[in-house]
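Report on the following structure.
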Amino acid sequence: MLFSDLFQETYFALSANKSRSTLTILGIVIGIGSVIAMISIGQGAAANIESNIQSLGSNLLVVMPGSQRGVGQVVRGGMGSATTLTLEDSEAITEQIEYVEEVAPTVSSRKQIKTTQGTNTNTSIYGINEAYARIKNIEMESGSFLNNIQVQKISKVAVLGPTTRDDLFGEGVDPTGQKIRIENLEFTIIGATANKGGTGMGSSDDLIYIPISTAQRYLTGNDAISNINVQIQDAKLMTSAQEQITNLLLMRHKIADPTQADFSIMNQADIMSAMTSVTDTLTLLLGAIAGISLLVGGIGIMNMMLTTVTERTREIGLKKSLGAKAKDIGSQFLAESVALTFIGGIIGVIFGWLASLLITKLNCTTTSVTGFSVILAFSVSAAIGIIFGYYPARRAAKLNPIEALRYE
């Protein structure tokens with residue numbers, strides 16, 4: 001049978017019963033669209049998490065005071081809650097560790113903030129140095145960021161995050177030059193950072209930056225620091241740098257047994273790997289759930305084709321009596337099945353893409369439609385057309401022409 005004849009036969013067969021063909025195609029459309037939409041949600045979540053982690057800084061190691069102990073062991077301080085790190089530790093890392101690009105020690109606390117206009121808010125105060133902005137990829141919306149001269153002079157200056165600025169002075173207002181009070185100490189605002197959004201570890205917009213020396217003298221009253229942010233020159237060197245920092249701090253803190261360390265190091269690459277694993281599993285789960293509808297659509301195709309074979313038994317017998325071969329009959333019914341899934345696949349891809357855009361527009365969640373999800377859905381659709389169309393086609397091809405002609 002020529003391809004042109006096969007195409008023509010397929011067209012006439014499907015258009016002869018438009019309602020049945022449309023309903024069968026609809027099952028594939030829903031299946032393909034669901035797979036693309038679900039996978040786009042999973043991949044969008046993965047991209048969002050990766051972006052949020054990257055917003056914390058690139059090639060980042062964070063040294064935190066305290067350490068976790070296993071079950072049955074003594075908990076000493078708890079990761080991030082102890083006071084075992086000092087500025088001297090930070091300086092030692094800068095001077096003695098290879099591969100270090102930038103080092104930014106941090107002091108953090110939470111305080112009530114007031115303005116001369118009478119507004120107030122409760123937010124986090126971060127005592128930092130100039131390198132912090134470069135490590136954390138902080139951009140300014142207005143004014144300027146803190147510098148090391150202000151750190152050395154223990155200046156009472158502050159930089160506001162956009163959320164804190166809006167709470168204190170109103171949305172979009174440039175607060176540069178305004179005064180705020182932190183624990184009865186007056187600070188001059190020198191700038192406001194650009195909107196960055198939440199990071200999954202607290203919002204980087206709802207806080208205030210002040211010089212670390214000022215925070216230690218007036219807010220905490222001691223030399224302890226909350227953590228040390230260390231930016232490494234290359235992602236491939238992070239594991240080596242982490243080992244060097246661990247050995248250096250163990251030596252400085254006079255700890256012989258590494259299991260007794262009074263600090264912990266968070267590796268950004270490890271977090272990224274763990275989160276990627278979680279989002280990949282989520283994407284697979286969502287795709288599998290949506291894939292069930294594709295399976296249902298395939299069963300619908302097989303059911304329709306079996307019904308068609310029964311209805312067209314006499315037609316099959318007539319074609320065979322006129323010389324049509326079994327493979328010609330099988331090819332015709334298989335082509336009809338594949339055509340249904342092909343048409344449904346194209347419409348389903350468009351439907352899934354539009355559904356993903358709608359989900360993003362409604363701010364439900366971020367979605368990301370990739371070529372992989374489209375190819376996967378379309379490939380599965382084609383496979384379903386062949387697999388579920390093969391049995392009806394084989395059944396039609398095997399009909400005895402004499403019995404088919406006698407069929408009532």
Side-chain angles (χ1 to χ4, degrees), residues 56-57 60-67 76-97 100 102-114 121-136 138 143-161 164 179-193 201-204 206-231 245 248-249 252-254 261-266:
L56 293 172
L60 187 64
L61 297 173
V62 181
V63 186
M64 294 170 287
S67 59
R76 191 168 64 190
M79 189 170 60
S81 63
T83 56
T84 55
L85 294 178
T86 63
L87 278 176
E88 286 72 21
D89 291 327
S90 172
E91 292 166 0
I93 291 172
T94 304
E95 296 167 0
Q96 300 180 40
I97 301 299
V100 170
E102 300 265 20
V103 177
T106 305
V107 172
S108 62
S109 62
R110 195 169 186 88
K111 302 291 182 182
Q112 191 73 19
I113 315 300
K114 300 178 181 178
T121 187
N122 188 282
T123 191
S124 297
I125 312 293
Y126 277 31
I128 57 171
N129 63 8
E130 185 178 314
Y132 188 90
R134 294 190 291 270
I135 290 177
K136 297 289 187 175
I138 295 174
S144 60
F145 200 73
L146 304 170
N147 57 52
N148 286 334
I149 295 176
Q150 293 162 334
V151 174
Q152 292 169 6
K153 291 184 176 180
I154 317 179
S155 303
K156 295 188 184 70
V157 292
V159 174
L160 305 186
T164 304
K179 306 289 185 181
I180 58 173
R181 297 190 72 83
I182 306 174
E183 289 200 337
N184 296 321
L185 292 173
E186 189 173 81
F187 286 75
T188 301
I189 300 171
I190 61 171
T193 62
M201 301 179 70
S203 173
S204 57
D206 188 13
L207 46 74
I208 295 176
Y209 300 109
I210 65 174
I212 187 170
S213 55
T214 308
Q216 287 183 315
R217 172 170 294 189
Y218 296 112
L219 300 186
T220 64
N222 58 56
D223 294 332
I225 56 178
S226 301
N227 58 57
I228 304 171
N229 300 280
V230 184
Q231 188 175 46
I245 293 171
L248 173 64
L249 293 181
R252 285 184 54 81
H253 296 187
K254 297 180 173 57
D262 57 359
F263 61 90
S264 299
I265 300 180
M266 182 188 74

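Everything quoted here is computed from the prediction, not taken from an experiment.
- With Ser213 contributing its side chain and Val151 its backbone, the two residues share a donor-acceptor pair below 3.5 Å.
- At distances below 3.5 Å, at least one donor-acceptor pair connects side-chain atoms of Thr214 with backbone N or O atoms of Ser155.
- Residues Thr164 and Ile113 fail the side-chain proximity criterion, which asks for heavy atoms closer than 4.5 Å.
- Minimum heavy-atom separation, Gly161 to Thr193: CA-OG1, 3.5 Å.
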Apply side-chain contact (heavy atoms from CB on, under 4.5 Å) to Leu85 and His253, showing your working.
-> CA-CA 9 Å; Leu85 294 178; His253 296 187; 4.0 Å; yes
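- Put simply, the side chain of Thr123 gets close to the backbone of Asp206: a donor and an acceptor are under 3.5 Å apart.
- From Leu248, atom CG reaches atom CD1 of Ile93 across 6.5 Å, with rounding to the nearest 0.5 Å.
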Test Tyr218 against Ile154 for side-chain contact (heavy atoms from CB on, under 4.5 Å), laying out the working first.
-> CA-CA 10 Å; Tyr218 296 112; Ile154 317 179; 4.0 Å; yes
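- Interatomic distance, CD1 of Ile265 versus CG of Leu249, reported as 6.0 Å (0.5 Å rounding).
- Remark: the backbone N or O of Gln150 is paired with a side-chain donor or acceptor of Asn147 at under 3.5 angstrom.
- Looking at heavy atoms from C-beta onward, Leu60 lies out of side-chain contact with Met266 at the 4.5 angstrom threshold.
- Summarising the geometry, atom CZ belonging to Phe187 is positioned 11.5 Å from atom NZ belonging to Lys179; distances are rounded to the nearest 0.5 Å.
- Taking both residues in full, the closest heavy atoms of Ile190 and Val159 are given as CG1-CG2, 3.7 Å, listed atom of the first, atom of the second, then distance.
- Note that the CD1 atom of Ile210 and the CG atom of Leu160 stand 11.5 Å from one another [nearest 0.5 Å].
- You'll find the side chain of Ile97 stays beyond 4.5 Å of the side chain of Val230, heavy atoms only.
- Shown here for Gln216 and Asp223, the closest heavy-atom pair between the two residues is NE2-O, 3.0 Å.
- Arg134 places none of its side-chain heavy atoms less than 4.5 Å from the side chain of Gln231.
- Considering every non-hydrogen atom in both Ala224 and Val107, the closest pair reads O-CG2, 3.8 Å.
- In this structure, the side chain of Ser226 engages the main chain of Ser108 through a donor-acceptor pair within 3.5 Å.
- A pairwise comparison of heavy atoms in Lys111 and Glu183 identifies NZ-OE2, 2.8 Å as the closest pair.
- Note that the CG atom of Leu185 and the NZ atom of Lys156 stand 6.0 Å from one another [nearest 0.5 Å].
- A heavy-atom distance below 4.5 Å is not found between the side chains of Ile228 and Phe263.
- Contact of the Ile212 side chain with the Ile128 side chain is not registered, since no non-hydrogen atoms from C-beta on lie closer than 4.5 Å.
- Atom CZ of Arg217 has 12 or fewer neighbouring heavy atoms from other residues, nucleotides or ligands inside a 6.0 Å radius.
- The minimum heavy-atom distance linking Gly127 with Ala215 is given by the pair CA-CB, 3.8 Å.
- Once rounded to the nearest 0.5 Å, the distance linking CD1 of Ile180 with CD1 of Ile189 reads 5.0 Å.
- Phe145 has its ring centre less than 6.0 Å from the ring centre of Tyr209.
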Please walk me through it: do Thr86 and Asp89 pass side-chain contact (heavy atoms from CB on, under 4.5 Å)?
-> CA-CA 5 Å; Thr86 63; Asp89 291 327; 3.5 Å; yes
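- A side-chain donor-acceptor contact under 3.5 Å links Glu130 to the backbone of Asn148.
- Proximity of Ile182 to Leu219: side-chain heavy atoms (C-beta onward) are separated by under 4.5 Å at one or more points.
- At distances below 3.5 Å, at least one donor-acceptor pair connects side-chain atoms of Asn129 with backbone N or O atoms of Tyr132.
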